Amino acid sequence: MRSVKVYPENWPLRSPFMLAGHHHQAADVVVVELEQDGISVQGECTPYAGYGESEASVLSQISALLPVLEQGLERQQLQAMLPAGAARNAIDSALWQLESAVSGKSLWQLTGFEPLTQIETAQTVCLDTPEAMASSALAQWENGVHLLKIKLDDHLIAERLVAIRSAVPQATLIVDANGSWHSEGLAARCQLLADLRVAMLEQPLPLHEDEALTNFIHPLPVCADESCHTRDDLPRLAGRYEMVNIKLDKAGGLTEALALAAEAQAQGFVLVVSCLLCTSRAIRMALPLAHLARFSDLDGPSWLATDVKDGLPYRYGRIDFAADNQ
């Protein structure tokens, strides 16, 4: 028998995190803790209202599975017992950690990847005035960050991007509209991004409007985020997107995320691995996917005022494993 605990945690941010339609002051996460034969492990997820989730709904989903978790539920069984989402991610993550602890194998070994010594991660430039966003981009560039993720809504697009590009002419920029744009004027906006050497545009249109991207000619890669949660989404993304964003909280854990990555690559999609606001506890579970991704966007813990005790070492826009004793 296992001992199982599930509980919420609140991690204040060092500064507000603003994007189209959302304003965050803290990372609100849910933790699943398993104890078996003297081994204690934790899995973490971030409920996200944009995916129809709340702390209460995730806690309810997990609590309903407590009896089978205590009796020894395994990862593969879990996939059919909960839909993709944050609740399944927290349990899946804890089960991976338990398997690692029991077997004496690292997560790298269990997933078949060589440990990475360093991962470059995008650092987010939050939604603000053009001047403030340019200042944020420059401050990060001067701190060694070379890959910047620019959050935009449907306003001041040219003004914000021109200001940022002027401030950091050598930085690699990726843009995330969080589904706030519409098909009218999209071609001109894509051309603007291409002219400013933006490397990728993420989720320009709302989920229910992305059929407008079918056979849409565009001069830079477009990535599906809200439109891609699991392998089941891939068939309708063909001909609309060149890239897909994989988040454990969308996929419902590393188990499905790895399967999604393999199938997406087989179908010709380029991968991005990303996260929500979270602690290093959650990011560790996503690290194997960095082997497969064109861009890693794993800066969630860097926004926290304080991280978990064994937090990952974020330095100069990179996660530096040489200093992490992994």
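Since this is a predicted model, take the numbers as computed values, not measurements.
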Practice task
Just do the salt bridge (Lys or Arg N to Asp or Glu O under 4.0 Å) check on Asp195 and Arg165 with the steps written out, would you?
Solution key: CA-CA 11 Å; Asp195 291 344; Arg165 177 50 84 198; over 6 Å; no
Quick one: are [X] and [Y] in side-chain contact, heavy atoms under 4.5 Å?
X	Y	answer
Leu82	Gln61	yes
Leu201	Cys190	yes
Leu161	Leu152	yes
Met243	Leu271	no

Closest approach of [X] to [Y] (non-hydrogen atoms, all atoms of both residues):
X	Y	value
Cys45	Val58	SG-CG1, 3.8 Å
His23	Pro16	NE2-CB, 3.4 Å
Asn245	Ser274	OD1-CB, 3.1 Å

Handout entry: Between Trp303 and Phe17, ring centroids under 6.0 Å
Key = yes
Problem - Side-chain H-bond candidate by donor/acceptor type, Thr279 with Glu44, under 3.5 Å - result: yes
Problem - Residue pair Glu120 / Ser296, side-chain donor-acceptor N/O under 3.5 Å - result: no
Exercise for the section: Could you state whether Leu298 and Phe295 fall into the same hydrophobic cluster, counting links through intermediate Ile, Leu, Val, Met, Phe, Trp or Tyr residues with side-chain heavy atoms under 4.5 angstrom apart? Expected result: no
Is the shortest side-chain N to carboxylate O distance from [X] to [Y] below 4.0 Å?
X	Y	result
Asp225	Lys247	yes
Arg318	Asp299	no
Arg281	Glu9	yes
Asp154	Arg189	yes
Glu70	Arg2	no
Glu35	Lys5	no

Problem - Lys149 (side chain) donor-acceptor with Asp176 (main chain) under 3.5 angstrom - result: no
Problem - Polar side-chain atom of Ser93 near backbone of Ala90 as donor-acceptor pair, under 3.5 Å - result: no
Handout entry: Given Asp153, Asp128, Thr129, the one that forms side-chain hydrogen bond (donor to acceptor under 3.5 Å, both in side chains) with Arg160
Key = Asp153
Problem - Enclosure of Glu209 CD (heavy-atom neighbours >12, cutoff 6.0 Å) - result: yes
Handout entry: Tyr48 and Tyr51 aromatic ring geometry - parallel, tilted or perpendicular at 30°/60° bounds
Key = perpendicular
Handout entry: From Gln265 atom CD to Leu260 atom CG, the distance as rounded to the nearest 0.5 Å
Key = 10.0 Å
Practice task
For the pair Thr255 and Trp96, evaluate side chain to side chain donor-acceptor pair (under 3.5 Å) and give the outcome as yes or no after the intermediate values.
Solution key: CA-CA 9 Å; Thr255 302; Trp96 274 103; 3.1 Å; yes
Exercise for the section: Output, in order, the C-alpha distance, side-chain angles, deciding distance and verdict of side chain to side chain contact (heavy atoms under 4.5 Å, CB included) for Glu226 and Asp210. Expected result: CA-CA 10 Å; Glu226 286 82 356; Asp210 66 1; over 6 Å; no
Problem - Audit row: Glu242, His218, side chain to side chain donor-acceptor pair (under 3.5 Å) steps and yes/no - result: CA-CA 11 Å; Glu242 292 76 41; His218 44 280; 2.9 Å; yes
